[in-house]
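Below is one structure, written out as structure tokens, with a few remarks after it.
Heavy atoms only: backbone and side chains are in, while hydrogens, waters and symmetry mates are out.
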Amino acid sequence: LSGWAQTVGALFALLIALWVPWMQHTAQSRRTKLVELENNIYLSQATMLLLRDAQNLNERVRQLADLPRLEIYDPVLVTDLLERLRTLDAKDNSILRQASQYIARAAVLRVNYYLDSGQAQFRELRPPVLKLLEDDCLHMENEFRKLNFLLQDFLYQQTKQQVAIWKRPFVWYGFKTKAGRKWLEASSEQQLQRLKKQQGIQQPRD
């Protein structure tokens, strides 16, 4: 009996010696993964917010093109958008998000050139210019949808990492089912508004 007890004790000690480093490694990997996911979530939300702001600027110019230039041209807002784009570009290494940021930058620069170059002298949008601005708006809307899909996946991975294993089926249900996706899409705009308040982002003039 003493021999069996020693054998069982040795095996138990070996299991503990193997289990403790494995748990430490797993915990460290989990923390690293959560930090990476949090960074991706922030950058995705910030890029989506930029797309929305650039889209609003685009629509504002198209709707108010018949007003005097000073009524629709806000160089502070344009500068703010471009500065935010430069900041994101320096932080982000995701090709998908960089493509979205490039489309937003091109749209903002096109609007800025249109207003600043004197092409709006007669307060009318010529058909070629109008078509370009409308295409920019459509491209930004498509990029917003792509990033929203990517963001939901990041949020799903983050939530799954944060809960116990037995709760993960509920997380899957919330993110992957139609009802869960509907709730997430409804809260997406609220998340962007909170991010905008936290960053103190420049608002367009009325």
Side-chain angles (χ1 to χ4, degrees), residues 38-152 154-155 184-206:
E38 184 177 350
N39 186 54
N40 277 311
I41 288 170
Y42 170 79
L43 292 173
S44 298
Q45 288 180 327
T47 304
M48 290 168 67
L49 185 57
L50 267 169
L51 285 167
R52 274 286 181 256
D53 289 344
Q55 195 174 4
N56 290 337
L57 176 65
N58 182 298
E59 292 173 351
R60 174 186 173 86
V61 169
R62 286 188 287 123
Q63 292 171 1
L64 306 179
D66 58 328
L67 296 179
R69 177 176 179 275
L70 291 176
E71 294 293 329
I72 59 175
Y73 185 49
D74 190 350
V76 176
L77 176 60
V78 172
T79 302
D80 176 68
L81 286 171
L82 294 176
E83 182 59 34
R84 287 160 56 195
L85 281 163
R86 280 192 291 269
T87 302
L88 275 180
D89 185 60
K91 295 179 179 178
D92 205 347
N93 58 4
S94 166
I95 296 176
L96 181 62
R97 284 193 298 263
Q98 286 179 340
S100 299
Q101 293 160 16
Y102 173 81
I103 289 174
R105 181 184 292 105
V108 172
L109 290 174
R110 198 188 310 279
V111 167
N112 185 59
Y113 175 76
Y114 163 71
L115 292 173
D116 203 34
S117 64
Q119 293 189 42
Q121 182 178 359
F122 300 105
R123 309 295 160 225
E124 293 180 359
L125 283 170
R126 294 177 297 172
V129 175
L130 180 61
K131 182 67 167 60
L132 285 173
L133 296 183
E134 289 175 345
D135 287 346
D136 283 342
C137 204
L138 289 175
H139 292 327
M140 287 188 287
E141 185 62 33
N142 289 334
E143 292 299 315
F144 186 90
R145 291 197 187 99
K146 292 177 185 177
L147 287 176
N148 190 53
F149 180 81
L150 183 67
L151 175 63
Q152 303 314 321
F154 287 141
L155 290 171
L184 287 169
E185 289 172 1
S187 63
S188 179
E189 289 295 332
Q190 297 177 0
Q191 295 171 2
L192 293 181
Q193 291 301 321
R194 284 197 295 270
L195 181 63
K196 181 180 288 189
K197 289 180 180 178
Q198 291 173 2
Q199 293 182 342
I201 289 171
Q202 173 74 24
Q203 298 293 323
R205 298 180 303 184
D206 295 331

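Between Val108 and Ala54, the shortest heavy-atom contact is CG2-CB, 3.7 Å. Of all heavy-atom pairs spanning Ile41 and Phe154, the tightest one is CG1-CB, 3.6 Å. Nearest approach of Leu150 to Ser44, heavy atoms of both residues: CD2-OG, 4.3 Å. Here the closest non-hydrogen pair linking Phe144 and Arg52 is CE2-NH2, 3.3 Å. The two residues Arg110 and Asp136 come nearest to each other via the heavy atoms NE-OD2, 2.5 Å.
Residue His139 holds its NE2 atom at 7.0 Å from CD1 of Ile103, rounded to the nearest 0.5 Å. To the nearest 0.5 Å, atom CG of residue Asn58 and atom CZ of residue Arg60 are 12.5 Å apart. In this structure, the separation between CG on Leu57 and CE on Met140 is 8.0 Å, given to the nearest 0.5 Å. In this structure, the separation between CD on Glu143 and CG on Leu138 is 12.0 Å, given to the nearest 0.5 Å. If you take CG on Leu88 and OG on Ser100, they are separated by 11.0 Å, rounding to the nearest 0.5 Å. The structure places OH of Tyr42 at 9.5 Å from OG1 of Thr47, a figure rounded to the nearest 0.5 Å.
In this structure, Asp89 contributes its side chain and Leu85 its backbone to no donor-acceptor pair below 3.5 Å. A donor-acceptor pair under 3.5 Å is formed between the side chain of Gln98 and the backbone N or O of Asp92.
The shortest distance between side-chain heavy atoms of Leu82 and Val78 falls below 4.5 Å. Gln152 is listed as a side-chain neighbour of Leu155, based on a closest heavy-atom distance under 4.5 Å.
When only modelled atom types and interatomic distance are considered, Arg97 and Asn40 share a side-chain donor-acceptor pair under 3.5 Å.
Taking the charged nitrogens against the carboxylate oxygens, Glu141 and Lys146 have no contact shorter than 4.0 Å, which rules out a salt bridge. Ion pair Lys131/Glu134 not flagged as a salt bridge, since none of the NZ, NE, NH1 or NH2 atoms sits closer than 4.0 Å to an Asp/Glu carboxylate oxygen.
Screening Asn56, Leu50, Leu51 for a side-chain contact (heavy atoms from CB on, under 4.5 Å) involving Asp53 leaves a single residue, Asn56.
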